[in-house]
Structures are given as C-alpha cells and as structure tokens.
Engineer: 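Okay, handing you the structure first.
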Amino acid sequence: MKPFEYASPKTEKQAVGLLGKSWSEAEVLAGGTDLLALMKDDVVAPKRLVNVKHIENLGEVHFDGKEMRIGALVTMGEAADNALIKQHFPILHEALWEAASPQIRNMATMGGNLCQRPRCWYFRNGMGLLPVDEKGESLVLKGDNRYHAVLGNHGPSYFVSPSTIAPVLIAYGARIRLYGPEGARQLELEKFYRAPMHEGEREHALKPNEMITDIFLPAASTRAGYAEIRQKEAFDWPMASCAAVLEMNGSTVKSARIVLGQVAPVPWFSPEAALHLTGKAVTEETAMAAAHAALENARNLGKNKYKITVAKVAVKRAILNAAKEGA
Amino acid sequence: MNEEDRKKPEGSGLSRRDFMKIGGMTLAVPMVASPKVLRVGGEDVEVYGPEKTMVTLNVNGKLMRAELEPRVTLLDALRESFDLTGSKRVCDRATCGACTVWLDEKPVYACGMLAIDAQGHKITTIEGISTPENMDAVQKAFWENDAQQCGFCTPGFVMATKAFVEKNPHATLEDARKGLSGNLCRCGTYVGIHSALRQLTGMKEA
C-alpha cells in the first residue's frame, strides 16, 4: 500500500471539503473491505483517505410507513439483521444474507456496497477498467471473458456490475442521496450506474468529491422474488442474479420491475421482461417467456455463452419466487 | 515441545521473532509527526500521516500504543507492534479468515481494516479469549474433535466459531456452513470442525 494521509471528519461538509477534484487525490473510506484490497494491489493509490464513519446519523434505518431510509453507513450485517427491512423489503434481506461472508458483512457498508469496484480480473490486475493491448484492442474480447458481460457489451465496457443488492434496490425503486460541494442531490439508483466510455471514468455517477449518504425505498404493496446462481454456495459473487418486484391485480401482474445483476456493466433493468408479464398470471411459461425476452439481445463474447442460459434461469426463478412469496 | 522451548531455541537463547525485533530496533528511526490541521467547511479537522502517528488500541481489555503510519492494517499492528501473533496473515485480502478478530464482539478480518481506524473500538484476539492453561470451550471442542491439521487457520476459525455459536446456540449444520463461510482451511479439516460444532451446539448428525 502506498502511503497516504488520513482524516476522520465529523460532518458531511467536512468530509466533502477533504475530498479532492480527482480520484487520485482522495477516496472515501467506509467499511474498507474493497478499497483496502484495491490499494494493496496498487489498483488505486489515493493520497488521502477520508474516513466517513464518524459522521453522525448515517448509521440508522428509519421507516415511517411510506418510505424507508437506510443510512449509507449501516453495515450489511446490521441491514441483514434488521426486522423492518426483512418485513417490508424481503428480497433485500435475502440478497444481503447471501452476500459475502459474516466478517465482510460486519464491516462493509450499504453505501460502500453500491460503490464497490468491478471484479473483472484485468481491472484487479491493474490493467484498467477498459483494458486494451498496444494496438488498442480489448484484452477482454481476445482473452478470458468467462465472467464478463452478456448484455450491454458492445464496448468499450465489458466488465459486470458486482453489487448484488443494487439490482434489488433498483427493482424496489430506490433513490440515493449524494452530498457534494454544492450540497445534496438525489438520484434514482438506476441512474447512478453507467458504462464508462473512456479509461479513467468510473462506473457510477459519483464525483470524486461526493459521497452517498442515504438510500431511500418507497413502501409498496408488491410481491418480490430474488434468485442468484453461483459456483460456490457462499462467499462468491453470482454468475447471474435477478430481482423481480411485481405489483399484482388479483392473480395477474399489473406491473413488474425486473433487474438483472452481473450480466452487464450496469445493473440491467429489463422492461422487455416486464412487458411479457404484464396482464398475465405468473406461470412457468410466462416466467420463461419473460426470461427469454430479458436475454433476447444477449451477446456471447466467446467464453461466456453459458451466462446467457444461467441468466435466463435466474430471471425465471426470481419471477416464480415472487409469485410464491406470501402466497 | 513445551511453550518455554518454543520461545528459546537451543543454542541461541533467542527466538527468531526476538532476533528480528532487535534487528528492527537498530534500523528504525522513529518519525512521528503531530497531525496537521486543515480548515474545512469553517471547522478545523486533523489530518494524520503519511508519516507515523501515535495509535492507541484497546486490545483484549488493555490499551496499547504504537507509532504507526495510517497505512498499517490492524492485523500488522497486532502482529508486528503488539506481539499478538495468534491472528495469522495468509491472504491479506479479506478472503481467507485466518486473521479473524472481534471488533466490538463482532468477527471481522483484521487485514481488512486500518489500525488507525480501529481506535475507539474493543478488539479481541485469540489471545484474549483464554490462556494455555485454561482453554476456551471452542478451542477444547476443536482439540477434542481433531479440527485442525497444520493449525494456521485455527485461531481465525476459533474466533469465527465462537462468535457464531454465541449468536446461534441452536444452529443447524447448514446454518453453520453459511455462518463460517468466511473462513477457509486448506488442509480440509471441515469434517473435524463440523464435529466440534455438533459438540458445541448439540446439533444432530447431518
């Protein structure tokens, strides 16, 4: 790890004042579970770490019946154990419970999870988020791309968005609050993620001198289902995941929000899948039709064709789990 | 080999660790700077490092102080500065669990946290849960069920297991597999660890 300065501000305003105009100047330290590993491997080398854990009021979960507010510093473990989250947003509880290991969940924060960097092995080995050879050709396309994107993969980004809770939060219609030098702004979580076009750009809309302070979830009477498909039973990022939140009208689907994880550079919102469910009852057939629709535009990069099949299964299972929930 | 023999190998009268500490002392020139104060948002904020700064940790109920750079992890501080070498450094990437300690009673990876960031918390290491004469129930269960081979993952596994069984006294084997998924044993002693868990929780044979 390269040497760095360290500060523990007490307010958002102080924190933002300590952050820099570029990513090389400073990084936000919360749980540190991803950041410290990236720093040890010299993938990032900030000159200053701004520990935000001493800022008050960012470590709580509140629910007023209409909206849930989850502070960015709530740990994944605290959120997984939270009874209100389990009751009102059951698949968030499920995804949190499945994520990482107990030790990681005890340190990692909700805000940090949303900002975790991709697991792409080229990126983790210091070759950049959009790794290219001396001729400018993508290393992902000619190399080992077995875990890379099958959707939204027309370049130059081929990595996959790593967070498992982001697709779930997006399916529930989450917004986040960001705080920066100009004050606070709110953003739909869906719009927070983006596929960089140039090396050096990040995969999210956060500016180098901004931080996530809160996550907001609107209460709704919905049915939700979640599914992950992994190589390891625990402590592994999925090959594909899916969150399905259905608004029902009797036994038929009034509207649906289907979001896939680990298949694209961003959490992949699929209106096509939702369209195949709208006005229909949830059955094996409609769920499978929605799954096919979600992956209709998928593209095999050479070694990740299996992910298209796996992602379809995740979509189908998530929808069927949603229909089962509370039934 | 008894404990005394291990500390003082025959001939030298010094252990490898003692030797390295003496070597380190003659080379290290302490460079401790007081924090610089930045005016941010109309208020003063102390900024530490990148040079060494005084770090005070509450480890196993004792206050321990050392001059450390901000980049030193909690694990390296425990091992190198406080001579608490029970927590092991294996992957150093918050993956294997060999460095598991408790931060305010919750298991965490000591390699995944900065020492300077651990200030103000209650840290418990394997050295803090028992003495060689008076083993903890989890250590005893590991010993009785042959739940270790090379032993390198054992301190971390014991810390994770103790936290798990205290939170889940009636766990099933499936709960335990998930609850201990943050620790790896390369010797593959999981069968012994599961036997130890059965003894500790009274869970039925799977």
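Residue numbers begin at 1 in each chain, while the letters A, B, ... track the order of the sequences.
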Engineer: Which heavy-atom pair separates B:Thr95 from A:Phe235 by the least distance, and what is that distance?
Structural biologist: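 Scanning both residues completely, I find the closest heavy atoms to be O-CE2, 3.2 Å.
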Engineer: Given that the side chain runs from C-beta out, which part of A:Glu98 has a heavy atom under 4.5 Å from chain B: side chain, backbone, both or neither?
Structural biologist: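 Both parts, heavy atoms under 4.5 Å.
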Engineer: A side-chain contact here means heavy atoms from C-beta on lying under 4.5 Å apart; do B:Lys178 and A:Trp97 qualify?
Structural biologist: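 Touching, per the 4.5 Å side-chain cut-off.
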Engineer: If you count heavy-atom pairs under 4.5 Å with chain A, which of B:Gly182, B:Gly42, B:Pro35 comes out on top?
Structural biologist: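 Counting heavy-atom pairs under 4.5 Å, the top option is B:Gly182.
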Engineer: Is a side-chain donor-acceptor pair under 3.5 Å present for B:Tyr109 with A:Thr33?
Structural biologist: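 No.
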Engineer: If you count heavy-atom pairs under 4.5 Å with chain B, which of A:Glu233, A:Lys53, A:His54 comes out on top?
Structural biologist: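 Most pairs with chain B among the choices: A:Lys53.
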Engineer: Between B:Lys36 and A:Glu5, does any NZ, NE, NH1 or NH2 come within less than 4.0 Å of an OD or OE carboxylate oxygen?
Structural biologist: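 Looking at B:Lys36 together with A:Glu5, the answer is yes, because their closest N to O distance falls below 4.0 Å.
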Engineer: Going by an N to O cut-off under 4.0 Å, is there a salt bridge joining B:Glu43 and A:Lys10?
Structural biologist: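 Between A:Lys10 and B:Glu43 there is no salt bridge, as every charged N stays at least 4.0 Å from the carboxylate O atoms.
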Engineer: Roughly how far, to the nearest 0.5 Å, is the OG atom of A:Ser8 from the CG atom of B:Asp117?
Structural biologist: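 Here the interatomic distance stands at 6.5 Å.
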Engineer: Checking heavy atoms, do the side chain of A:Leu36, its backbone, both or neither come under 4.5 Å from chain B?
Structural biologist: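 Interface part for A:Leu36: side chain.
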Engineer: At their closest point, which heavy atom of B:Ala94 faces which heavy atom of A:Ile104, and how far apart are they?
Structural biologist: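 Closest approach of B:Ala94 to A:Ile104: O-CD1, 3.7 Å.
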Engineer: Between atom CD of A:Gln103 and atom OG of B:Ser181, what is the distance when rounded to the nearest 0.5 Å?
Structural biologist: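 A:Gln103 CD to B:Ser181 OG: 7.5 Å, rounded to 0.5 Å.
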Engineer: Nearest 0.5 angstrom please: A:Leu49 CG to B:Leu114 CG, how far?
Structural biologist: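 So the gap between those two atoms works out to 6.5 Å.
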Engineer: Just so I understand: if I count every heavy-atom pair under 4.5 Å between each of B:Leu103, B:Val47, B:Leu180 and chain A, which residue has the most?
Structural biologist: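 Max contact count across the listed options: B:Val47.
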Engineer: Output the distance between atom CZ (A:Phe4) and atom CD (B:Glu69), rounded to the nearest 0.5 Å.
Structural biologist: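 If I round to the nearest 0.5 Å, the distance is 9.0 Å.
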Engineer: What part of A:Leu35 is in contact with chain B, defined as an atom under 4.5 angstrom from a non-hydrogen atom: side chain, backbone, both or neither?
Structural biologist: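 Neither; nothing under 4.5 Å.
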Engineer: Sort A:Asp81 into side chain, backbone, both or neither according to what part of it lies under 4.5 angstrom from a heavy atom of chain B.
Structural biologist: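 Contact with chain B: side chain only.
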Engineer: Among B:Ile116, B:Asn183, B:Thr100, who wins on heavy-atom pairs under 4.5 Å with chain A?
Structural biologist: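 The answer is B:Ile116.
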Engineer: Hey, is CZ on A:Arg185 packed in by over 12 heavy atoms from elsewhere, all under 6.0 Å?
Structural biologist: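 More than 12 within 6.0 Å, yes.
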Engineer: Would you mind reporting whether A:Met107 and B:Met113 have side-chain heavy atoms less than 4.5 Å apart?
Structural biologist: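 A side-chain contact under 4.5 Å exists here.
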Engineer: Does any N or O in the side chain of A:Asn106 come within less than 3.5 Å of the main-chain N or O of B:Lys106, such that one atom is a donor and the other an acceptor?
Structural biologist: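 Answer holds: no.
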Engineer: Can you tell me which portion of B:Val108 sits under 4.5 Å from chain A's heavy atoms? Options are side chain, backbone, both or neither.
Structural biologist: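 Contact with chain A involves both backbone and side-chain atoms of B:Val108.
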Engineer: Working to the nearest 0.5 Å, report the span between CG of B:Leu38 and CZ of A:Arg48.
Structural biologist: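 Rounded to the nearest 0.5 Å, the CG-CZ separation comes out at 5.5 Å.
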Engineer: Decide if atom CD of B:Glu166 counts as having more than 12 heavy atoms of other residues, nucleotides or ligands within a radius under 6.0 Å.
Structural biologist: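 Enclosed.
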Engineer: Is the number of heavy atoms from other residues, nucleotides or ligands within 6.0 Å of CZ (B:Arg65) greater than 12?
Structural biologist: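 Incorrect, the count does not exceed 12.
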Engineer: Check whether A:Lys40 reaches the backbone of B:Arg93 with its side chain - one donor and one acceptor, N or O, closer than 3.5 Å.
Structural biologist: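 Between the backbone of B:Arg93 and the side chain of A:Lys40 there is no qualifying donor-acceptor contact (under 3.5 Å).
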